Amino acid sequence: MKALLIFFVLMNLDKLLKPAHCAEIQDQVLSITPKTQEQVDILKNVSTQYETALWQPVSPHYIKEDTQVHLFVPANSSETVKDLLKRHAITHEVLLANPNELIEMQTRNDSTDPRSSSTFYERYHSLEDIYIWINRTQQDNPDTVKVILIGSSFEKRPLYVLKLSVNNRPNKKAMWIDCGIHAREWISPAFCLWFVQYSLSFYQSNKDITNILDNMDVYILPVLNPDGYHYTWTTNRMWRKNRSTNMSTKCIGVDLNRNFDANWCTEGASDQPCTEIYCGAFPESEPETQAVADFLRSHKDIVQIYFSIHSYSQMLLFPYSCTLEEAENHSELLEMVKEAAGQIHRYYRNIYKYGPGANTIYLAPGGSDDWAYKLGIKYSFTFELQDRGRYGFLLPPSHISDACNEALLAVKTIALKVVEKTQAPTTPA
Ligand code: 9B3
Ligand code: ZN
Ligand code: ZN
């Protein structure tokens, strides 16, 4: 009997010694607020030395006292990181205890699930599905939708722009929207799809979108960074940059929103290829950046409004991000985003911050909105969509419709203002 007991204990020694939860340590997202400069330095170290992904701020450089840091910590570095925090008396909260479940939820293809009530536009889609969608959208709307190949990515994936055009009025102006510069910001491509669907469905029945489309064509680039986006579906959900390689380093990727020619690679970007905000070897060094810049240069006389869609943190930003100087039409731009944020609050009860990028989010050079502005597109914006940190980049599919509807309201509000300011009234037939 005693022997049996000893045998049993030995057999289960591992289970008896290990607390139950250790056996199932998971990836987590932690929220940490450093209180002293020492804690700031330790956090900067943790986020660079260990296998973690910084969600907020975008680079360790911006970590500062009394400001929340959101850190994705994979299971295998969880204990080391938590020990380190504990040893330095840095407290943390678990922001997300189950990011893997959320990732699973986002990539599940429930289109064949008859119980699923969500539509195509209320789910996230793989790059392959988005290419198929682009094709189908053109085929189903041959009079309104054209697909334009503007270039290709580092890994030679096509960069397709959809042109929505409802009539051939002469001297028609245009609006540009790009999505998915940053690979992990999945709500962004979802918004571009949402916008196209909304425009095609509600032209003629919604007076605002009708007014907008009657007065301007819309160019939409649903996935500016297809290589990165593909990589977030197959390999690393937290990837931000593109996937370009360079002889001089083993680190992969350039931050495409630091690669445009606007105070390129000054404070707020990095010349270190291993950082998340690497500016690239020179302005427009990346094929994705160059394709967009070339297209906009050749259409700059017709493009009046530029929108770039990002997440997360709920902000409506305008130039400049690359300097603290005010844009020439600052007050006009401020008025527009203020009204857009007001509309979002009124209809969706959600708070969006607004203002020039440098004061509202951070000083950062090389962004597409600043570059487009300097090119002469005087109404240039970057939107940071939902949420404010609850799910961060892992916004559940059930939030897609709210996130997109409020961003759509902001786009419509601003576009209508521009139409009002600059377009001659439509002459009645
Ligand atoms: C950054 C820049 Cl450089 C810009 N011109 N406008 C907006 C941002 C913020 C986004 C970024 O690239 O870091 C937020 Se994800
Ligand atoms: Zn972004
Ligand atoms: Zn962002």
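Because the structure is predicted, anything quoted here is derived from the model rather than measured. Whatever order the structure lists them in is the order used to number ligands and atoms, beginning at 1.
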(message) Using a plain distance cutoff, I'd like to know if R240 has any nitrogen or oxygen under 3.5 Å from a nitrogen or oxygen of ligand 1.
(response) yes

(request) Using a 4.0 Å heavy-atom cut-off, say whether S321 meets ligand 1 through its side chain, its backbone, both or neither. (result) side chain

(message) Listing request: all ring-ring contact (aromatic ring centres under 6.0 Å, His included) pairs with a residue in residues 251-297, at least two apart in sequence or in separate chains.
(response) W176-F295, Y219-F295, F260-W371, F295-H299

(request) Determine which pairs satisfy side-chain hydrogen bond (donor to acceptor under 3.5 Å, both in side chains) with at least one residue from residues 38-49, sequence neighbours left out, and list them in order. (result) Q37-D41

(request) Go through ligand 1 atom by atom and flag the ones less than 4.0 Å from a non-hydrogen atom of T382. (result) 6 (N), 7 (C)

(message) If the cut-off is 4.0 Å to any non-hydrogen atom of H182, which atoms of ligand 1 fall inside it?
(response) 11 (C), 12 (O), 15 (Se)

(message) Salt bridge check, D294 against R297: does any charged N sit closer than 4.0 Å to a carboxylate O?
(response) yes

(request) Scan side-chain atoms only and decide if D214 and Y203 contain a donor-acceptor pair under the 3.5 Å cut-off. (result) yes

(request) State, without any angle test, whether N329 and Y373 hold a side-chain donor-acceptor pair at a distance under 3.5 Å. (result) yes

(message) Can you tell me which N/O/S atom of H182 has the shortest distance to the Zn ion (ligand 2)?
(response) ND1

(message) Any donor-acceptor pair under 3.5 Å linking the side-chain atoms of N206 with those of Y198?
(response) yes

(message) Counting backbone and side-chain atoms alike, is an N, O or S atom of E185 positioned under 2.8 Å from the Zn ion (ligand 2)?
(response) yes

(request) Give the atoms of ligand 1, by number and element, whose distance to some non-hydrogen atom of E384 is under 4.0 Å. (result) 14 (C), 15 (Se)

(request) Report yes if some N/O of S311 lies less than 3.5 Å from some N/O of ligand 1; otherwise report no. (result) no

(message) Within the structure, is a non-hydrogen atom of A262 found at a distance of less than 4.0 Å from ligand 1?
(response) no

(message) Between E286 and K241, does any NZ, NE, NH1 or NH2 come within less than 4.0 Å of an OD or OE carboxylate oxygen?
(response) no

(request) Using a strict 4.0 Å cut-off to heavy atoms of G367, name the atoms of ligand 1 that fall inside it. (result) 3 (Cl), 5 (N)

(message) Taking the ring of Y391 and the ring of Y312, is the distance between their centroids below 6.0 Å?
(response) no

(message) Which option wins on minimum heavy-atom distance to atom 12 (O) of ligand 1: N257, N263, L256, V58?
(response) N257

(message) Closer than 4.0 angstrom, basic N to acidic O: yes or no for E332 and K421?
(response) yes

(request) Using a strict 4.0 Å cut-off to heavy atoms of P365, name the atoms of ligand 1 that fall inside it. (result) 3 (Cl)

(message) Side chains of Q304 and T422 only: does a donor on one sit below 3.5 Å from an acceptor on the other?
(response) yes

(request) Please identify which atoms of ligand 1 are closer than 4.0 Å to at least one heavy atom of H310. (result) 15 (Se)

(request) Report, in ascending order of atom number, the atoms of ligand 1 lying under 4.0 Å from any heavy atom of A364. (result) 3 (Cl)

(request) Between F383, Y373, F260, Y362, flag the one that comes closest to atom 9 (C) of ligand 1 by a heavy atom. (result) Y362

(request) Indicate, as side chain, backbone, both or neither, the part of P319 found under 4.0 angstrom from ligand 1 when only non-hydrogen atoms are considered. (result) neither

(request) Report yes if some N/O of E185 lies less than 3.5 Å from some N/O of ligand 1; otherwise report no. (result) no

(message) Restricting to N, O or S, what is the name of the atom of H310 that lies nearest the Zn ion (ligand 2)?
(response) ND1

(request) Check whether the side chains of E406 and Q314 place a donor and an acceptor atom closer than 3.5 Å, and report yes or no. (result) no

